[in-house]
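Per chain, numbering begins at 1; letters A, B, ... match sequence-line order.
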2 protein chains.
Amino acid sequence: MPFFIKSLIQNSYILRELDITKSCCILLSGLAFRSKVVGDGGRQILSVHVPGDMLDLQHAFLGVADHSIQMLTAGDVAYVPAKAVQDLAFAYPAIGRAMWLETLIEGSIFREWIANIGRRDARTRVAHLLCEIAVRLQSAGLMTGNRYELPMTQEQIGDATGLTTVHVNRTFQALHKEGLITRDKRAIEIRDWNALSAAGDFRASYLHPDNPNGFAPVFGGTFVELPIKDGMLASAT
Amino acid sequence: MPFFIKSLIQNSYILRELDITKSCCILLSGLAFRSKVVGDGGRQILSVHVPGDMLDLQHAFLGVADHSIQMLTAGDVAYVPAKAVQDLAFAYPAIGRAMWLETLIEGSIFREWIANIGRRDARTRVAHLLCEIAVRLQSAGLMTGNRYELPMTQEQIGDATGLTTVHVNRTFQALHKEGLITRDKRAIEIRDWNALSAAGDFRASYLHPDNPNGFAPVFGGTFVELPIKDGMLASAT
DNA sequence: CGGAACCTTGAAAAATGTCAAATCCGGTGG
DNA sequence: CCACCGGATTTGACATTTTTCAAGGTTCCG
């Protein structure tokens with residue numbers, strides 16, 4: 001399959017709203033996020049991505065980008081012509097199936113975000129986001145013990161949860177005071193997984209952790225699937 | 001293709017959260033919606049569906065339902081075994097492609113909802129929802145002039161927009177006072193499409209109205225694709 | 001050392017939610 | 001046909017959450 005790999009610095013755009021693309025990306029290393037800008041200038045972050053995620057099947061099929069994708073940290077991205085991806089999907093049902101599955105799982109995550117933002121209060125939303133990121137980083141092998149490097153500013157966390165920077169800050173302080181997390185710069189340490197996932201109304205099942213995930217290996221990326229840490233998915237039903 | 005059609009009454013469940021299904025549905029007539037219940041008992045409506053929509057590709061592939069689907073009005077639904085749908089998708093690329101497209105468009109709609117709920121105020125959210133429903137009913141041939149029957153209670157509209165019933169009520173009154181809509185029971189008349197879509201920060205492009213949609217005809221449903229009414233999609237870019 | 005981006009704080013304002021009661025409205029049974 | 005019932009809508013007063021604004025404080029990096 002034809003493809004090329006590009007190293008991108010922090011904050012660089014993989015794709016901008018309204019771009020017309022003819023290729024499809026796979027995140028090999030680093031983190032990325034999708035976002036949309038609304039009429040009054042506000043930004044909403046739509047999802048966060050870890051190595052192994054396919055980043056724009058949408059655009060390979062739909063043409064015009066309806067949102068932007070940006071690097072959260074520096075990292076590598078593999079670009080594959082949309083046509084090649086489509087051909088591959090239809091020539092090899094196993095691959096087509098895997099891609100479709102990834103699309104469906106992503107839909108499941110979007111739905112959970114709608115529920116998170118629409119029907120939970122600030123504390124619950126933030127705790128939920130921290131849990132989701134923990135599980136995804138874990139499955140991408142990016143957790144060290146119960147601590148991870150969260151390379152998002154509080155403003156970005158606000159944009160992901162539908163809150164303001166100031167309120168995110170206060171919410172973090174509250175979660176800290178309650179003993180659920182400890183912060184050291186951008187690093188988050190989860191002090192009490194059960195309490196945090198309860199506070200965040202978090203059940204990992206919407207991430208469909210049992211389904212295969214990660215296309216990076218195909219491209220010689222560094223992605224390695226690590227075993228899920230004890231207790232991390234315990235609350236999944 | 002093996003399938004059977006079932007008539008469902010208002011509010012009946014097509015699928016409940018945690019159900020394990022082996023079939024896939026297509027909405028032939030009537031309206032339906034997806035929803036999720038969060039920890040404190042709140043409900044979030046995730047999407048609204050019109051005749052022609054496929055209702056649970058997710059579950060055909062992922063197994064366990066991560067949300068519920070319920071009829072908003074009485075209507076007919078075609079059930080197709082998941083296996084048959086999958087076989088069909090891989091045997092006939094054109095069909096597989098169409099289904100995948102539908103999945104991707106649905107993803108685009110979910111993303112817009114995240115932005116709507118996360119970053120817009122009450123008035124904008126409600127106006128946006130009214131616009132989206134107008135466009136979708138229009139393309140399903142369910143609009144009469146600039147008026148449509150919206151079979152959702154104000155509580156359901158609140159659950160779809162992340163607001164309370166009371167606030168939805170007041171927001172409706174405001175939209176009415178401003179001359180954007182008129183209400184008669186559950187019917188909504190759009191007095192000024194341009195003003196309403198501006199108020200709702202609505203651009204139809206995320207619905208990808210140019211892409212083929214609607215599987216109902218395959219099953220002998222009553223779905224007919226009507227031409228888009230003048231001006232209705234004018235704000236699409 | 002200085003600047004820029006990010007984080008933190010406080011006080012006040014605004015948006016939205018809560019609660020409880022009143023009203024409307026369509027359907028049902030007498 | 002009428003009275004009544006239950007769900008839905010509307011209203012008012014009030015509480016709470018979240019935002020806004022503005023100012024310091026911190027950290028990182030050149």
Tell me what R186(A) touches on the nucleic acid: a base, only sugar-phosphate, or nothing, going by heavy atoms under 4.0 Å. sugar-phosphate
As a quick check of understanding, evaluate salt bridge (charged side-chain N to carboxylate O under 4.0 Å, His left out) for E112(B) and R120(B), giving each step before the final call. CA-CA 11 Å; E112(B) 183 69 23; R120(B) 296 192 181 116; 3.1 Å; yes
Distance, rounded to the nearest Å, where Q173(A) contributes CD and dG25(D) contributes C1': 13 Å
Tell me the closest heavy-atom pair linking L180(A) and A195(A), and the distance in Å. CD2-CB, 3.2 Å
Rounded to whole Å, CG of D40(A) lies from C1' of dA14(C) at a distance of 15 Å
Nearest whole angstrom, please: distance from the P of dA11(C) to the CZ of R170(A). 10 Å
Tell me what G42(B) touches on the nucleic acid: a base, only sugar-phosphate, or nothing, going by heavy atoms under 4.0 Å. nothing
Check every strand shown and say whether R183(A) touches a base, only sugar-phosphate, or nothing at a heavy-atom separation below 4.0 Å. sugar-phosphate
Separation of atom CD in E155(B) from atom P in dT18(C), rounded to whole Å: 12 Å
Run the salt bridge (charged side-chain N to carboxylate O under 4.0 Å, His left out) test on D201(B) and R203(B) for me, step by step, so that the C-alpha distance in whole Å, both residues' side-chain angles and the decisive distance to 0.1 Å come before the verdict. CA-CA 7 Å; D201(B) 188 19; R203(B) 276 141 297 151; 2.9 Å; yes
Between atom NE2 in H167(B) and atom P in dT9(D), what is the gap in whole Å? 16 Å
CD of Q154(B) versus P of dA8(D): gap in Å, rounded? 11 Å
For the pair made of CG in D184(B) and C1' in dT9(D), what is the distance, rounded to whole Å? 14 Å
On DNA chain C, does the nearest nucleotide to R119(A) precede the nearest nucleotide to N169(A) from the 5' side, or the other way round? Give the residue. N169(A)
Tell me whether the rings of H128(B) and Y206(B) are parallel (<30°), tilted (30 to 60°) or perpendicular (>60°). parallel
Without decimals, in angstroms, what is the distance between H176(A) NE2 and dC7(C) P? 16 Å
Compare side-chain N and O positions of Q156(A) against OP1 and OP2 of dC6(C) and report whether any pair is under 4.0 Å apart. no
Looking at every strand, decide which applies to R125(A) at a 4.0 Å heavy-atom threshold: base, sugar-phosphate, or nothing. nothing
Winner on side-chain proximity to T164(B), out of dC7(C), dT20(D), dG17(C), is dG17(C)
Look at K185(B) and dG26(C) and indicate whether a side-chain polar atom (N or O) is within less than 4.0 Å of OP1 or OP2. yes
Distance col, row H67(A):NE2 vs S108(B):OG, nearest 0.5 angstrom, shows 8.5 Å
Quick one: on DNA chain D, does T165(B) or G162(A) contact a more 5' nucleotide (nearest heavy atom)? T165(B)
